[in-house]
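Here's the structure we're looking at; comments come further down.
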Amino acid sequence: MSDKLKNAKIIFVVGGPGSGKGTQCEKVVAKYGYTHLSSGDLLRAEVASGSERGKNLSAIMQRGELVPLDTVLDMIKEAMIAKADVSKGYLIDGYPREVKQGEEFEKKIGPPSLLLYIDAKSETMVKRLMKRGETSGRADDNEETIKKRLDLYYKATEPVIAFYEGRGIVRKIDSEGSVDDVFSNVAKAVDSLK
Ligand SMILES: Nc1ncnc2c1ncn2[C@@H]1O[C@H](COP(=O)(O)OP(=O)(O)O)[C@@H](O)[C@H]1O
Ligand SMILES: Nc1ncnc2c1ncn2[C@H]1C[C@H](O)[C@@H](COP(=O)(O)OP(=O)(O)O)O1
Ligand SMILES: [Mg+2]
């Protein structure tokens with residue numbers, strides 16, 4: 001356990017690909033000043049660095065699969081420590097994507113105070129990702145990979161919700177409405193933390 005993160009306020013942001021996690025996190029940062037760490041963004045930065053590790057990660061992500069737990073957890077922990085002196089709290093976006101990731105995170109860093117479950121219909125997520133794919137330049141925003149990512153989400157990530165529901169820290173947010181309507185409910189959930 002790293003002392004610097006001992007009492008850090010941690011919010012897990014969990015939801016399917018294209019549910020709106022990143023969009024809502026940006027609005028939480030603007031309003032509350034939290035530190036937004038997106039597992040996907042950290043991984044894409046590693047890929048962009050051209051490192052050997054990045055090459056391996058890129059192949060996995062293009063297949064819509066999960067990268068190794070230790071890799072993504074170490075990257076998140078490193079990024080959290082780097083901001084520990086200035087952070088008001090952390091939005092961990094896109095992690096955990098399976099129950100054992102949550103367990104490992106809690107062993108190495110600490111427990112979450114809240115889990116924001118960003119919930120959208122499958123067809124909505126596909127529609128949004130296909131649209132995002134027109135401009136994102138992401139190798140995983142294509143029909144075939146989107147399907148794999150959705151399958152993986154329902155199989156591996158939805159059990160994360162149930163795991164934390166047992167602790168009473170899950171706030172389910174309907175993400176079908178407009179960005180602002182969704183955010184008004186996200187803000188209520190974050191305010192409940194104060
Ligand atoms: N409430 C919403 N209504 C319509 N489009 C949305 C909404 N939230 C996000 N989007 C769009 O859907 C795509 C996926 O959103 P994003 O925040 O990247 O989701 P995630 O991080 O969960 O994959 C983006 O192009 C984003 O602009
Ligand atoms: N916690 C995690 N464990 C394993 N792989 C992860 C991960 N977070 C992200 N990845 C990999 C698999 C994802 O399909 C890919 C993109 O992640 P992302 O940017 O969070 O996707 P999205 O924002 O579209 O939901 O990176
Ligand atoms: Mg995202």
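Residue numbers count from 1 along this sequence. First listed ligand is number 1; within each ligand, the first listed atom is number 1.
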- request: Kindly write out the residues that satisfy ring pair (Phe, Tyr, Trp, His ring centres under 6.0 Å) with F12, not counting sequence neighbours, or none if the list is empty.
  value: F105, Y164

query: Any sub-3.5 Å donor-acceptor pair from S184's side-chain atoms to D181's backbone N or O?
result: yes

- prompt: Please, which pairs that meet side-chain hydrogen bond (donor to acceptor under 3.5 Å, both in side chains) have at least one residue in residues 60-71, sequence neighbours excluded?
  reply: S58-Q62, R63-E65

task: Only one of K148, R149, K147, K155 passes salt bridge (charged side-chain N to carboxylate O under 4.0 Å, His left out) with D151; say which it is.
output: K147

query: Under the 3.5 angstrom rule, does the side chain of R128 hit a backbone N or O of S19 as a donor-acceptor pair?
result: yes

task: Would you confirm whether S38, through its side chain, and I92, through its main-chain N or O, come within 3.5 Å as a donor-acceptor pair?
output: no

field: L5 reachable from I11 in the ILVMFWY side-chain graph, under 4.5 Å edges
entry: no

Identify all N/O pairs between ligand 1 and the protein with a separation under 3.5 Å and present them as a table of atom names and distances.
| from | atom 1 | to | atom 2 | distance (Å) |
| --- | --- | --- | --- | --- |
| ligand 1 | 1 (N) | R128 | NH2 | 3.4 |
| ligand 1 | 1 (N) | G177 | O | 2.9 |
| ligand 1 | 3 (N) | R128 | NH2 | 3.3 |
| ligand 1 | 17 (O) | G22 | N | 3.3 |
| ligand 1 | 17 (O) | T23 | N | 2.8 |
| ligand 1 | 17 (O) | T23 | OG1 | 2.7 |
| ligand 1 | 18 (O) | R132 | NH1 | 2.8 |
| ligand 1 | 19 (O) | G20 | N | 3.1 |
| ligand 1 | 21 (O) | G22 | N | 3.0 |
| ligand 1 | 22 (O) | S19 | N | 3.3 |
| ligand 1 | 22 (O) | S19 | OG | 3.3 |
| ligand 1 | 22 (O) | G20 | N | 3.0 |
| ligand 1 | 22 (O) | K21 | N | 2.9 |
| ligand 1 | 22 (O) | K21 | NZ | 2.8 |
| ligand 1 | 23 (O) | G18 | N | 2.8 |
| ligand 1 | 23 (O) | R132 | NH1 | 3.0 |

- request: For R44 and D41, work out which heavy atoms get closest and say how close.
  value: NH2-OD1, 2.7 Å

- prompt: Looking at E104 and K107, does any basic side-chain N land under 4.0 Å from a carboxylate oxygen?
  reply: yes

field: Contact residues of ligand 2, where a non-hydrogen atom lies under 4.0 Å away
entry: P17, K21, S39, G40, L43, R44, M61, E65, L66, V67, V72, G94, Y95, R97, Q101, R132, R138, D140, R149

